[in-house]
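Here's the structure we're looking at; comments come further down.
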Amino acid sequence: MSIEKKEFRPKIVAFCCNWCSYAGADLAGSSRLGYPADVKIIRVPCSCRVNPMFILRAFEKGADGVIMCGCHPGDCHYSTGNFYARRRMTLLFSMLDYIGVENGRTRVEWVSAAEGVKFSDTMNSFVEKIYSLGENVRLGDLRCRN
Amino acid sequence: MSSKKKQAELIEEISGVNPLKCMKCGKCSASCPSYNEMDIKPHQFVSYVINEDVESLVNSESLWKCLSCFACVERCPRDVKPGKLIDAARQMVVRQRNNTYLSPDEVPELLDPEIPQQLLVSAYRRYRR
Amino acid sequence: MQRIGVFVCHCGSNIAATVDVSKVAEMALMEPGVVHAEDYQYMCSEAGQAKIADAIHEKKLTGIVVCSCSPRMHEATFRKAAERAGLNPYMVEIANIREHCSWIHKDMEEATKKAVILMRAAVAKVNLNTPLQPGESRVTKRALIIGGGIAGIQTALDIADAGYEVDIVEKTPSIGGRMSQLDKTFPTLDCSACILTPKMVEASAHEKIKIYTYSEVENVSGFVGDFTVDIRKKARSVDMDKCTGCGVCQEKCPSKKAPSEFNRGLNNRSAIYTPFAQAIPNVPVIDREACIKFKTGKCGICSKVCQAGAIDYEQKDEIITEKYGAIVVATGFDTINLDKYDEYAYSQSKDVITSLELERVMNAAGPTHGHLERLSDGKAPKEMVFIQCVGSRCSDDRGKPYCSKICCMYTAKHAMLIRDKYPDVNVTVFYIDVRTPGKNFDEFYRRAVEQYGVNYIKGQVGKVIPQPNGKLLVQGSDLLDNRQILKEADMVVLATAIEPNPDVRKIATMLTASIDTNNFLTEAHAKLRPVESPTAGIFLSGVCQGPKDIPETVAQAGAAAVKAIGLLAKDKLMTNPCTAHSDELLCNGCSTCENVCPYGAITYEDKEVNDHGIREVRRLAVVNSALCQGCGACTVACPSGAMDLQGFSNRQIIAEVDAICR
Amino acid sequence: MQELINRAKELLDDGTVARVLGWRAGDLPYNPEPAYFENAESLKDFVYNGFCGANLSKYMIEASKLEGKTLVCLKPCDTYSFNQLIKEHRVDREKAYVIGVGCKGKLDIEKIRAQGIKGIESIEGAEITDEAETLKIQTIYGEKTCAYSDAMLERCHVCKGKEHKIYDEQIGESKETKDGERFDEVSRIEAMAPAEKFAFFKKELSKCIRCNACRNVCPACSCRKCVFDSNKFDSSQKANVDSFEEKMFHIIRAFHVAGRCTDCGECSRVCPQGIPLHLFNRKFIKDIDELYGEYQAGDDTDSKAPLTNYTFEDAEPSIVGKRG
């Protein structure tokens with residue numbers, strides 16, 4: 001993918017749980033498995049720490065995509081955290097889809113500490129998706145003041 | 001891109017096989033029933049593709065000695081499936097010869113009751129794409 | 001307002017080659033709260049840490065941001081450095097500009113831009129950091145070892161020798177594990193039992209070691225230093241105190257059709273049995289599935305012949321609850337199921353056996369009393385074929401993707417022993433690669449070839465076809481000679497892949513220890529913390545962590561013991577201060593958070609509060625910070641935002657989001 | 001209504017309850033308001049008619065702190081909210097004397113106005129005991145009529161049922177008013193193209209003035225302090241900082257009550273701008289029913305709520321894209 005400077009560069013926030021996905025991202029790094037610099041990672045202890053407020057806040061502040069990564073279901077460091085996270089995100093994403101936000105802008109992916117390749121592949125495909133969706137205008141102007 | 005590389009990539013595309021996964025265990029050659037008839041052995045198919053020497057493969061005896069029994073495909077521990085590679089090489093030959101496709105309507109006429117079932121199945125497998 | 005210092009690490013060229021580190025430092029000075037910024041070659045070095053300490057003193061810093069490698073790598077280092085300089089260690093945040101930036105991006109401008117943003121996010125977070133004080137929790141000075149094989153025994157002995165109580169929980173009726181089933185060990189060819197039995201005896205006689213055999217871990221709660229474990233002692237039907245181990249019951253037992261687990265099902269045992277002669281404890285168990293008394297109510301012979309009156313048909317499972325400070329997992333391995341490998345005719349012919357079965361065949365206490373013979377007709381074999389990598393290094397779903405590591409060596413051992421004892425037997429080994437790293441290992445393999453004339457053929461076997469004459473036709477390839485080989489063999493031995501004991505997944509779940517896709521327990525760090533689980537207080541010993549041979553297992557068992565001792569030697573532990581806490585004025589007392597807490601750390605109390613002059617008694621959530629592990633599930637469940645997580649507070653994460661999206 | 005007043009007097013007189021929580025007439029014929037009655041004397045102002053839509057269960061949070069028992073009048077749908085509040089330890093069952101009052105569907109003045117009926121002076125037929133199928137409305141322009149069911153609140157057309165889920169005694173008959181499907185509206189929106197959905201919600205949410213009426217009336221939104229008023233998320237402001245605020249507010253509000261919302265419909269009833277806010281809550285209810293099994297908040301006081309529960313096989317979030 002070659003992007004010229006003036007072209008659209010998305011802002012992408014990735015929430016990664018400390019035990020699996022953040023370590024998976026570290027492994028992607030130490031294995032030199034590249035993905036676009038548009039992705040910025042925020043470390044959280046567990047995917048169950050990710051509040052829907054954070055995701056909406058990211059969109060409010062201009063994010064074009066938000067992705068959350070956690071341990072595979074059943075492998076959560078805290079046993080059950082990602083199960084709750086899975087339900088929360090499913091409902092939140094469904095709601096965003098319901099109000100007309102492209103569901104490609106949100107994603108949940110389970111990445112273990114050993115899956116550096118998966119982390120990098122996931123980020124590459126997510127970024128590609130965001131490029132194809134273009135700049136996120138919808139979430140910013142749901143209320144139109146004309 | 002060189003034409004050799006293109007050919008090798010075409011083989012990989014048709015077969016859906018990544019030859020780099022091969023660990024050179026030789027189980028394919030150990031499984032092959034027509035091993036002795038072949039000039040290029042099943043485990044060598046992989047290195048021919050990796051070395052981009054598809055031409056030798058296409059001109060080999062092996063191409064037509066393979067029974068498409070798929071024993072090598074079944075048993076390959078690394079999912080490399082040499083049988084699919086040779087199948088793909090045959091496809092390349094067949095595709096180059098124009099007008100050699102049969103339409104499905106023509107098939108029943110050509111059917112000889114003496115033809116072994118296995119040959120028919122194998123023929124369909126070869127030419128299904 | 002915080003006074004923040006930003007320290008940008010070059011990490012040699014690891015970061016500096018792709019990120020303009022001085023630019024990052026320069027940009028940092030424009031961030032709110034930042035009063036100091038510098039870059040340096042190696043921040044983690046002593047000189048680098050000294051720079052941080054100096055800046056803390058000179059600039060009166062209240063917060064630190066280190067832009068460097070992953071916090072998983074050096075967060076602890078920098079926190080300690082800050083603490084030494086008098087700053088609360090939790091006022092340090094790391095911006096990961098190596099793993100998440102310089103190592104994955106090539107373009108300098110782009111990588112620098114990203115590094116600046118990551119720095120900003122960390123600065124935004126530190127602006128909201130508050131000093132945190134770790135709590136204290138006590139340490140129960142007793143360790144639990146799950147699994148009584150050589151790994152478990154060695155760990156137990158080492159911990160017990162250091163003066164701490166150790167309990168071993170073993171699922172089967174005796175300790176000893178896989179090693180007790182082996183005949184000889186490579187590369188010295190010692191008799192396995194001869195070196196294992198003394199250790200088993202030592203463990204059972206050790207005053208600090210308590211052994212629960214025929215028992216399983218049922219439930220685990222608590223946390224590092226203070227685990228509470230329920231152990232199910234399965235009904236043995238024999239009173240351990242009364243039994244003298246005379247063995248008469250086993251002789252007289254009329255039910256002798258149960259396959260012997262110890263001999264891998266190659267022969268049968270009685271319904272009341274001790275698995276093997278040197279079993280510890282030397283007390284039999286009744287296999288209730290096979291026992292005639294339990295099946296029909298009639299029999300009771302064992303009870304009649306037992307002079308000691310030890311047989312107790314009424315015995316029930318017993319649950320023992322015990323507290324432990326540390327838990328070592330040593331659950332070991334088994335060979336994989338070969339049902340999916342039809343081509344090797346394992347299920348069709350009795351003369352195709354696994355290597356572990358061959359160990360039993362070669363062993364004097366085994367089904368053939370140590371004579372090498374075909375299990376189908378008892379004839380002595382003349383041609384033996386060994387097939388390597390059966391189920392190992394497989395990327396399909398039939399086998400395992402990893403190398404089982406021990407097979408090359410034990411096959412060389414088997415081949416050598418057979419050629420030594422039966423020089424007229426021809427031995428052929430089909431291999432893909434011969435992997436013999438290790439002290440005296442390659443020499444050992446070369447001896448098999450050079451001294452004992454074992455025929456090694458590079459190539460895999462395609463199929464094994466049982467012949468009408470009872471022989472086995474082996475069709476393999478010889479890749480070096482480029483020919484296909486057809487060989488008639490009398491016996492075929494499969495070097496079957498090993499896999500972690502299937503029970504380990506259940507145990508890992510109870511312990512909240514992480515486990516990989518192959519069911520191997522994950523270590524805290526692949527290189528630097530190989531015997532610890534990421535879950536504090538859980539240690540790994542033996543094959544449950546990855547394939548290894550006996551010397552490696554014993555070495556790891558010792559290492560796990562030292563780590564456990566290091567924990568048990570402490571009287572108190574500092575607890576992670578990044579725990580949840582509830583704002584009394586905002587809490588609704590609705591119990592939602594309690595419902596999602598995996599640790600039972602949240603309880604409710606009726607407490608008087610003073611809410612802006614209104615004094616009233618309210619039902620409030622209270623977090624037990626010793627139990628809380630800081631996952632944050634409660635913080636999202638809480639609708640009012642009363643519940644928050646220290647170190648990862650709502651406002652901190654939002655500040656990071658804002659900084660990234662700015 | 002008289003039976004209700006008589007019984008309330010009895011209970012006040014014999015000291016069973018210290019006060020009565022009901023409705024009294026407002027300044028207009030169609031806006032009765034929730035009220036406490038401390039003695040028999042004051043009960044003369046008590047009303048209960050078709051316009052008494054207000055769900056009184058939320059008032060029990062405060063009433064639970066008062067001395068003595070409070071008699072509370074709950075319609076069938078209100079009892080779900082009351083149960084949910086018991087489950088969340090927000091009300092004290094021991095402090096409440098619940099009279100399950102009959103309901104034949106509640107009226108929406110906006111529906112009447114929408115039929116062009118203006119200048120209303122009085123309305124006949126809204127009495128709870130009245131069996132009449134039509135309302136007689138005296139206006140300054142003369143008498144108008146309107147079918148009762150045409151004036152009913154949307155929520156009554158998809159009524160959960162006439163059973164009271166919790167009560168100490170019941171007074172008055174209830175009527176089955178359900179004649180629509182609860183999720184029809186949600187399904188209709190789900191079937192729209194993204195741009196259409198977006199346009200729909202843009203139009204609706206643009207009306208929001210952040211008066212917080214929806215939040216204040218909602219029995220599930222009973223936090224002592226709302227996250228949008230506290231500094232816990234850097235989100236405390238009543239006026240909107242930017243165009244995103246309403247969306248954030250309404251989505252988060254719906255999320256916070258997801259699995260707890262009984263679908264009482266009060267949010268939509270009180271919205272001065274007429275935003276169909278129940279469409280957010282009902283979307284979550286529909287998703288929960290479809291993905292995690294049918295669940296009705298307030299059906300009982302002890303079941304596990306969908307968002308504090310899980311199964312290993314739960315749908316992945318990617319199902320949102322796959323459902324189409």
Side-chain angles (χ1 to χ4, degrees), chain A residues 5 9 11-13 15 17-20 22-23 25-55 57-63 66 71-72 74-81 84-85 88 112-115 120 123, chain C residues 69-73 94 96 98-107 109-111 113-115 117-118 121 125 505 508-510 512-517 522 526 534-535 578 596-599 629-638 641 645 647-648 650 653-654 656-662:
Chain A
K5 273 186 198 136
R9 293 305 303 259
K11 287 176 185 165
I12 294 169
V13 179
F15 291 98
C17 83
N18 184 44
W19 305 97
C20 288
Y22 195 90
D26 280 358
L27 182 61
S30 48
S31 315
R32 311 298 197 273
L33 298 163
Y35 50 87
D38 311 310
V39 178
K40 314 286 188 307
I41 295 170
I42 294 180
R43 183 165 71 129
V44 288
C46 176
S47 51
C48 69
R49 180 66 190 91
V50 179
N51 196 311
M53 290 278 258
F54 303 158
I55 291 171
R57 177 76 166 212
F59 283 127
E60 179 187 0
K61 297 292 173 185
V66 179
C71 309
H72 286 270
D75 293 346
C76 175
H77 178 75
Y78 305 99
S79 333
T80 53
Y84 297 120
R88 289 166 185 163
S112 84
E115 293 176 324
S120 146
M123 291 307 151
Chain C
C69 53
S70 171
R72 294 170 58 86
M73 189 73 91
I94 309 292
N96 185 345
R98 194 178 75 175
E99 281 86 344
H100 293 186
C101 189
S102 72
W103 274 354
I104 47 169
H105 306 312
K106 296 204 171 68
D107 183 83
E109 194 187 329
E110 216 174 51
K113 255 191 202 165
K114 177 166 173 180
I117 292 173
L118 294 176
K125 187 176 180 193
R505 192 156 267 276
T509 308
M510 280 192 263
T512 66
S514 26
I515 194 164
D516 69 17
T517 44
T522 313
T535 305
C578 296
V596 297
C597 179
Y599 303 101
Q629 300 292 298
C631 67
C634 52
T635 61
V636 183
C638 178
L645 188 64
F648 291 96
N650 292 324
I653 296 175
I654 278 180
E656 286 180 271
V657 169
D658 288 359
I660 288 173
C661 297
R662 197 160 77 190

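A note on names: the letters A, B, ... follow the listed sequences, proteins ahead of strands, and every chain is numbered from 1.
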What part of [X] gets within 4.5 angstrom of chain C, counting heavy atoms only: side chain, backbone, both, or neither?
X	answer
A/V66	neither
A/A37	both
A/S112	neither
A/R88	side chain
A/Y22	both
A/A85	neither

Given a strict heavy-atom distance threshold of 4.5 Å, which part of [X] is in contact with chain A: side chain, backbone, both, or neither?
X	result
C/A637	both
C/A121	neither
C/R662	backbone
C/I515	both

Heavy-atom closest contact ([X] atom, [Y] atom, distance):
X	Y	value
A/T80	C/P598	OG1-CB, 3.6 Å
C/V636	A/P52	CG1-CD, 3.7 Å
A/P45	C/L645	CG-CD2, 3.5 Å
C/G630	A/Y78	O-OH, 3.8 Å

side-chain contact (heavy atoms from CB on, under 4.5 Å) assessment of A/R9 paired with C/E110: CA-CA 11 Å; A/R9 293 305 303 259; C/E110 216 174 51; 2.6 Å; yes

Note, A/R49 side chain near C/I653 side chain (heavy atom, < 4.5 Å): yes

Any side-chain heavy-atom pair of C/V596 and A/C48 under 4.5 Å: no

Are the side chain of [X] and the backbone N or O of [Y] linked by a donor-acceptor pair below 3.5 Å?
X	Y	answer
C/R72	A/N18	yes
A/K11	C/C661	yes
A/K61	C/A659	no

In Å, rounded to the nearest 0.5 Å, how long is the span from [atom1] of [X] to [atom2] of [Y]?
X	Y	atom1	atom2	value
C/C634	A/Y84	SG	OH	11.0 Å
A/S79	C/Q629	OG	CD	9.5 Å
A/H72	C/D516	NE2	CG	11.0 Å
C/E656	A/I41	CD	CD1	12.0 Å
C/E99	A/R32	CD	CZ	8.5 Å
C/N650	A/R57	CG	CZ	11.0 Å

Intermediate values then yes/no, side-chain contact (heavy atoms from CB on, under 4.5 Å), A/I42 and C/V657: CA-CA 8 Å; A/I42 294 180; C/V657 169; 3.7 Å; yes

Audit row: A/D26, C/N96, side-chain contact (heavy atoms from CB on, under 4.5 Å) steps and yes/no: CA-CA 9 Å; A/D26 280 358; C/N96 185 345; 3.1 Å; yes

